[in-house]
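Structure first, commentary second.
Residue numbers start from 1 in every chain, and the chains themselves are labelled A, B, ... in the order their sequence lines are given, proteins ahead of strands. From a predicted model like this one, the values you see are computed outputs, not experimental measurements.
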There are 2 protein chains.
Amino acid sequence: MSPEARDVLAGNAAGAANQQRANHRLRLAVIDRDPGFMQVLSNRLDALGWDLRGLSSAVTVDALVAMRLNALVIDLAVLGPGSWEYLERVCGRLPGLAVIVCTGPSSVAQRVRGLRLGADAWMTKPCHAEELICVIEAAIRRHRRNEMPQIEESTSVGQITIRPDLYQAYAGGASLELTAREFEILHLLSQSDRVLRREEIYERVWGYAMAHGDRSVDVFVRKLRQKLRAASPEWNYIHTHFGVGYRFAPERDGGEATPDATEDARSGARESEFAPALVG
Amino acid sequence: MSPEARDVLAGNAAGAANQQRANHRLRLAVIDRDPGFMQVLSNRLDALGWDLRGLSSAVTVDALVAMRLNALVIDLAVLGPGSWEYLERVCGRLPGLAVIVCTGPSSVAQRVRGLRLGADAWMTKPCHAEELICVIEAAIRRHRRNEMPQIEESTSVGQITIRPDLYQAYAGGASLELTAREFEILHLLSQSDRVLRREEIYERVWGYAMAHGDRSVDVFVRKLRQKLRAASPEWNYIHTHFGVGYRFAPERDGGEATPDATEDARSGARESEFAPALVG
DNA sequence: TTGCGTGTGAAGATCCTGTGACCGGGCCGC
DNA sequence: GCGGCCCGGTCACAGGATCTTCACACGCAA
C-alpha cells in the first residue's frame with residue numbers, strides 16, 4: 001500500500017467520512033542549528049511522511065505564512081536577543097500555527113514567558129525526538145480540532161463536478177443522485193490516477209479489510225457507471241484493468257482515447273491536494 | 001431564555017463565543033492527592049478567578065461531562081493500573097477538553113503514550129504552579145482561539161431570521177419559540193452550506209463526542225423542522241443526506257418536480273448553483 | 001476451448017431516519 | 001414544600017433507502 005493510502009486509513013473507524021482531512025502531509029519547520037538534532041528528527045519524520053523544513057535562522061513572518069506550515073519548532077538560542085519579540089510576532093500573526101519552543105535549559109520564568117507569548121509547548125533539550133514529535137502532534141491535533149472544517153475543494157473532471165461538501169456529484173447542473181457510498185467510491189477513484197485494486201478501494205471506503213470473494217466493489221462500480229453514463233453519455237470515467245482493479249480517467253467515448261484531450265479535461269481544480277491547514 | 005440555558009451552552013462552538021465575551025470563569029478539575037500541590041494551585045487559581053474542583057480519585061466520564069470543564073489535570077499515579085484506559089476514555093469522549101497529565105517522574109515511553117492517547121501536555125512533578133497554569137492556559141487557548149471570531153449578527157435565510165443575540169429565530173415578526181438546544185442546532189446549521197455529519201453537529205453543540213447510536217440530533221432536527229414548517233410552510237430548510245447528515249439550505253417547497261426548470265427558480269436561496277439532492 | 005475474472009439484474013437483509021410517546025430533572029408559581 | 005410545566009433526552013416502531021448476496025451471462029487470457 002502506498003504511504004498515502006496508509007495516511008488515509010489512519011483513524012477512519014466510521015468510514016471514509018472524515019478521512020479527507022488526514023490526507024495531506026503535515027508541514028513542519030524547525031529553526032535550529034544542531035545538526036545531530038536535525039538529523040534524528042529528519043529521519044523520524046521522513047518515516048512518518050512529514051514535510052520537514054530546516055531553518056538555521058529566523059525567517060520573516062511572511063515567509064512562514066508562505067510555507068503554509070502546520071507547526072513550527074524554535075530553538076530560542078538560535079535567535080538571540082530578539083527571540084521573545086520574534087516569538088510573539090509569529091504567534092500573534094499565525095494564531096493557527098502550532099508553535100513549540102525546543103531549547104536548552106531554561107528558568108521557570110522563561111518558560112512561563114514563552115507560553116504566555118503564545119507558544120503551545122516548551123520542550124527542554126536535550127530531548128527525545130519521539131517525545132518532541134508527540135508534543136507537536138498534540139499541538140496540531142488541538143489546533144485542528146477547533147478549526148472550522150476545511151472547505152473541500154470541488155473538482156471537475158470530464159463533464160462532471162465532484163463536490164465533497166455536498167457529498168454529491170453533478171453534471172450540467174443536475175445531481176447524479178449518488179448514495180453516500182457511491183459518492184465515496186467515486187471521490188476516492190477521482191483522486192488517484194493510478195489503478196486501484198479492489199481490496200484497496202474496499203479498505204479505504206469501508207474502513208476494514210475486504211472479505212475474500214466480496215463483490216461489493218464491482219456492484220458499486222456498476223451503479224456508478226450507470227449513473228455516470230446517464231448524466232454524461234459521451235464519456236467513460238471508470239476503466240477496468242482486468243485482474244487488477246479500476247482506474248478513474250475521463251475519456252471521450254467513440255474514437256480511441258486521445259491522451260492530449262483527456263489530459264486537458266482533467267485540469268479541473270486538482271491542485272486542492274495541498275489544501276492549506278492554517279493560514280487564517 | 002432560562003439562565004440554565006446559558007449554562008448548557010458552555011463549551012460548545014456556537015455558544016462559546018458568547019461565553020468568553022461574558023467573561024465566564026474557567027472551570028478546571030484536578031485529580032490529585034497531594035494536599036500541598038492542591039493548596040498552592042488553589043491559591044494561585046483563586047487569584048485568577050478560576051473555578052477549581054479538586055478530585056481525589058477518578059470520576060466517571062459522565063460526571064466530567066456534567067462538570068462542563070475547560071481543562072482537566074490528572075496525576076496518573078492516583079489512578080493506578082487503569083490510568084491509561086481512563087486517559088484514553090476521557091480524551092476520546094471529550095475531544096474539546098484540555099487534558100494535562102501532571103505526575104511524578106516518568107519515562108519517555110510513558111510520556112509518549114500519554115500524549116498519543118490524547119493528552120495535550122505532560123508536566124513532571126514537582127513543578128512550579130505558575131508554569132502548570134501557563135501550560136493549561138496554552139491548551140485552553142488553542143481550544144478556544146477559533147471560537148472567538150464568531151460574529152453574532154442576525155442573518156436572514158429564506159423566510160426566517162436568526163438572531164444570535166436573542167437566542168431565537170423569527171418568521172414574519174413572530175418568534176419560532178425555539179428552545180436553547182434547538183436554536184443552537186439551527187444556528188450551527190445555518191452557518192454552513194455543506195453537509196454536516198451528526199457527530200459533527202453533536203460535538204459542536206453538546207461539546208463532547210457523540211455516543212454511538214445517539215439519536216438526539218435527529219430528534220432535535222425533527223423538532224426544528226416542525227417549528228420551521230409551522231412558521232414558514234412554503235419552505236424547506238433542513239435537508240437530509242442519507243447516510244451522511246444534514247444540510248441547511250432554504251428552498252421553496254412544491255414546484256420542484258422538474259429539476260431542469262427549477263434550476264432558475266431557486267430565488268431565495270443564497271448559495272449553490274446546483275440542484276439539491278436527497279431532500280428528506 | 002477451458003478457466004477465471006468481470007458485468008448485470010434482482011431479491012432479500014440490513015441499515016437509516018422520521019416519528020410519537022414517554023421519562024426524569026429542573027424551575028416556577030402556589 | 002408541592003404540583004405542574006417545560007425541556008432535554010431515550011425508546012421502540014414503521015417505512016424507506018441502501019447494501020449485500022446470489023445466480024447467471026459475458027469477456028479475456030492461456
Do A:Y237 and A:S232 get their side chains close enough for a donor-acceptor pair, meaning under 3.5 Å? yes
A:R181 CZ to D:dT21 P: how many Å, rounded? 11 Å
Taking CD from A:E182 and C1' from D:dT20, how many angstroms apart are they, rounded to a whole number? 13 Å
Are a donor atom and an acceptor atom from the side chains of A:R225 and A:T240 found within less than 3.5 Å of each other? yes
Per the end-axis method with five pairs at each terminus, what is the bend angle of the helix from C:dT1-D:dA30 to C:dC30-D:dG1, to 10°? 30°
Only one of B:E200, B:R197, B:H241, B:R198 clears side-chain hydrogen bond (donor to acceptor under 3.5 Å, both in side chains) with B:Y246; which? B:R198
Keeping B:D120 on the side-chain end and B:I100 on the backbone end, is there a donor-acceptor pair under 3.5 Å? no
Atom-pair distance (CG on B:D62; C1' on D:dG8), nearest Å: 15 Å
Please work out whether the ring planes of A:F183 and A:Y167 are parallel, tilted or perpendicular, with thresholds of 30° and 60°. tilted
With respect to the phosphate group of D:dC6, does any side-chain polar atom (N or O) of B:T179 fall under 4.0 Å of OP1 or OP2? no
Give the rounded distance in Å between these two atoms: CG of A:L178 and P of D:dC19. 11 Å
What do the steps show when you test B:M67 against B:L55 for side chain to side chain contact (heavy atoms under 4.5 Å, CB included), and what is the final call? CA-CA 12 Å; B:M67 290 184 206; B:L55 305 168; 4.1 Å; yes
Reading nucleotides 5-17 of chain C 5' to 3', which nucleotides get B (base under 4.0 Å from a protein heavy atom), which S (sugar-phosphate only), which -? SBBBB------SB
Whole angstroms only, please: what is the NZ-C1' distance between B:K227 and C:dG18? 17 Å
Take the protein atom OH of A:Y167 and the nucleotide atom P of D:dT18, then report the distance between them rounded to whole Å. 15 Å
Under 4.0 Å from OP1 or OP2 of D:dG9: is there any side-chain N or O of B:W206 that close? yes
Could you check whether B:D75 pairs with B:R33 (Lys NZ or Arg NE/NH1/NH2 to Asp/Glu carboxylate O, under 4.0 Å)? no
How long is the line joining CG of B:L176 and P of D:dC7, in whole Å? 14 Å
Can you find a side chain N or O atom of B:S216 that sits less than 4.0 Å from OP1 or OP2 on D:dG9? no
Heavy-atom distance under 4.5 Å between the side chains of A:R247 and A:D193, does that happen here? no
Between OH of A:Y202 and P of D:dC19 the distance, given in whole Å, is 12 Å
The criterion is side-chain contact (heavy atoms from CB on, under 4.5 Å); which residues satisfy it with B:D62, sequence neighbours excluded? B:T60, B:R93
